[in-house]
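Keep in mind that the numbers below use all heavy atoms, side chains included, and drop hydrogens, waters and symmetry copies.
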Amino acid sequence: MANINELTPTEVEQIMKKDNIVVIDVREDEEVAQGIIENAKHIPLGDIPEAVSDLDKSKDYIMVCRSGARSMNAAKYMNEQGLKVTNMKGGMLEWEGEVIV
């Protein structure tokens, strides 16, 4: 089992402006309704297995959830599928950047 890299929310905010970075929020609909990182792609955790085949393997993915646990599970799964994945440590609880509602 590969170790998944983790970044702090501040580090994520700094690198997410790069073209090759895609932020994926795996929280449920009602959680995302309270605010999501701008330009993040919402794929609920339960939908990740079927969504993986549609993701571009040339991109780098940063996984986000409320606290960092569910997104780590998604990151491990996606890593096993050959995607380049990083987890955002602390999740949205520690995110201090802009969110859209």
Side-chain angles (χ1 to χ4, degrees):
M1 173 61 76
N3 281 343
I4 303 297
N5 286 334
E6 287 197 291
L7 293 173
T8 66
T10 304
E11 291 168 325
V12 169
E13 196 170 9
Q14 290 167 354
I15 69 162
M16 63 186 261
K17 292 168 180 62
K18 295 180 181 170
D19 288 342
N20 212 36
I21 302 284
V22 178
V23 176
I24 297 180
D25 191 323
V26 300
R27 295 176 299 155
E28 297 302 318
D29 293 343
E30 58 274 9
E31 294 173 288
V32 169
Q34 297 169 13
I36 187 171
I37 297 170
E38 190 170 7
N39 298 320
K41 187 176 175 88
H42 177 223
I43 306 174
L45 182 60
D47 295 345
I48 289 289
E50 63 198 41
V52 163
S53 61
D54 295 330
L55 298 176
D56 183 343
K57 288 194 174 181
S58 71
K59 297 202 178 287
D60 292 316
Y61 295 93
I62 298 175
M63 307 307 292
V64 176
C65 70
R66 190 179 77 84
S67 67
R70 283 176 288 173
S71 55
M72 179 57 87
N73 288 335
K76 287 177 181 173
Y77 176 80
M78 289 170 62
N79 180 266
E80 289 168 4
Q81 307 308 308
L83 293 157
K84 293 176 278 189
V85 191
T86 300
N87 190 46
M88 187 172 88
K89 191 170 20 178
M92 291 302 287
L93 290 174
E94 295 190 18
W95 178 258
E96 295 178 356
E98 297 274 326
V99 295
I100 54 173
V101 180

Find the distance between [atom1] ([X]) and [atom2] ([Y]) and round it off to the nearest 0.5 Å.
X	Y	atom1	atom2	value
Glu11	Gln14	CD	CD	7.0 Å
Glu94	Glu96	CD	CD	8.5 Å
His42	Glu28	NE2	CD	6.5 Å
Gln34	Asp29	CD	CG	12.0 Å
Ile4	Asn79	CD1	CG	4.0 Å
Lys57	Met78	NZ	CE	10.5 Å

How close do [X] and [Y] get, counting heavy atoms only, and between which atoms?
X	Y	answer
Gly91	Pro9	O-CG, 4.2 Å
Asn20	Ser58	ND2-O, 2.9 Å
Lys41	Leu55	CE-CD2, 4.0 Å
Ile24	Tyr61	CD1-CD2, 3.5 Å
Val23	Met16	CG2-CB, 4.2 Å
Ile43	Ala51	CG2-CB, 3.8 Å

Does the pair Ile37 and Asp25 meet the rule for a side chain to side chain contact (heavy atoms under 4.5 Å, CB included), with working shown? CA-CA 8 Å; Ile37 297 170; Asp25 191 323; 5.8 Å; no
With a 4.5 Å cut-off on side-chain heavy-atom distances among I, L, V, M, F, W and Y, is there a chain of contacts connecting [X] to [Y]?
X	Y	value
Val99	Val26	no
Ile36	Leu45	no
Tyr77	Val22	yes
Val32	Ile100	yes

Check whether the side chains of Thr86 and Asn5 place a donor and an acceptor atom closer than 3.5 Å, and report yes or no.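 No pair is found: no donor N or O on one side chain lies under 3.5 Å from an acceptor on the other.
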Does a side-chain heavy-atom distance below 4.5 Å link Leu83 with Val52?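 Touching, per the 4.5 Å side-chain cut-off.
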Begin with the C-alpha distance, continue with both residues' side-chain angles, and end with the deciding distance and a verdict on side chain to side chain contact (heavy atoms under 4.5 Å, CB included) for Asp60 and Ile15. CA-CA 11 Å; Asp60 292 316; Ile15 69 162; over 6 Å; no
As a quick check of understanding, evaluate side chain to side chain contact (heavy atoms under 4.5 Å, CB included) for Val64 and Met92, giving each step before the final call. CA-CA 7 Å; Val64 176; Met92 291 302 287; 3.7 Å; yes
Just checking Glu30: does its CD atom have more than 12 heavy atoms from other residues, nucleotides or ligands closer to it than 6.0 angstrom?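 Counting other residues, nucleotides and ligands, CD of Glu30 exceeds 12 neighbours.
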Do Lys17 side-chain atoms and Glu13 backbone N/O form a donor-acceptor pair below 3.5 Å? yes
Test Ile48 against Met63 for side chain to side chain contact (heavy atoms under 4.5 Å, CB included), laying out the working first. CA-CA 11 Å; Ile48 289 289; Met63 307 307 292; 4.2 Å; yes
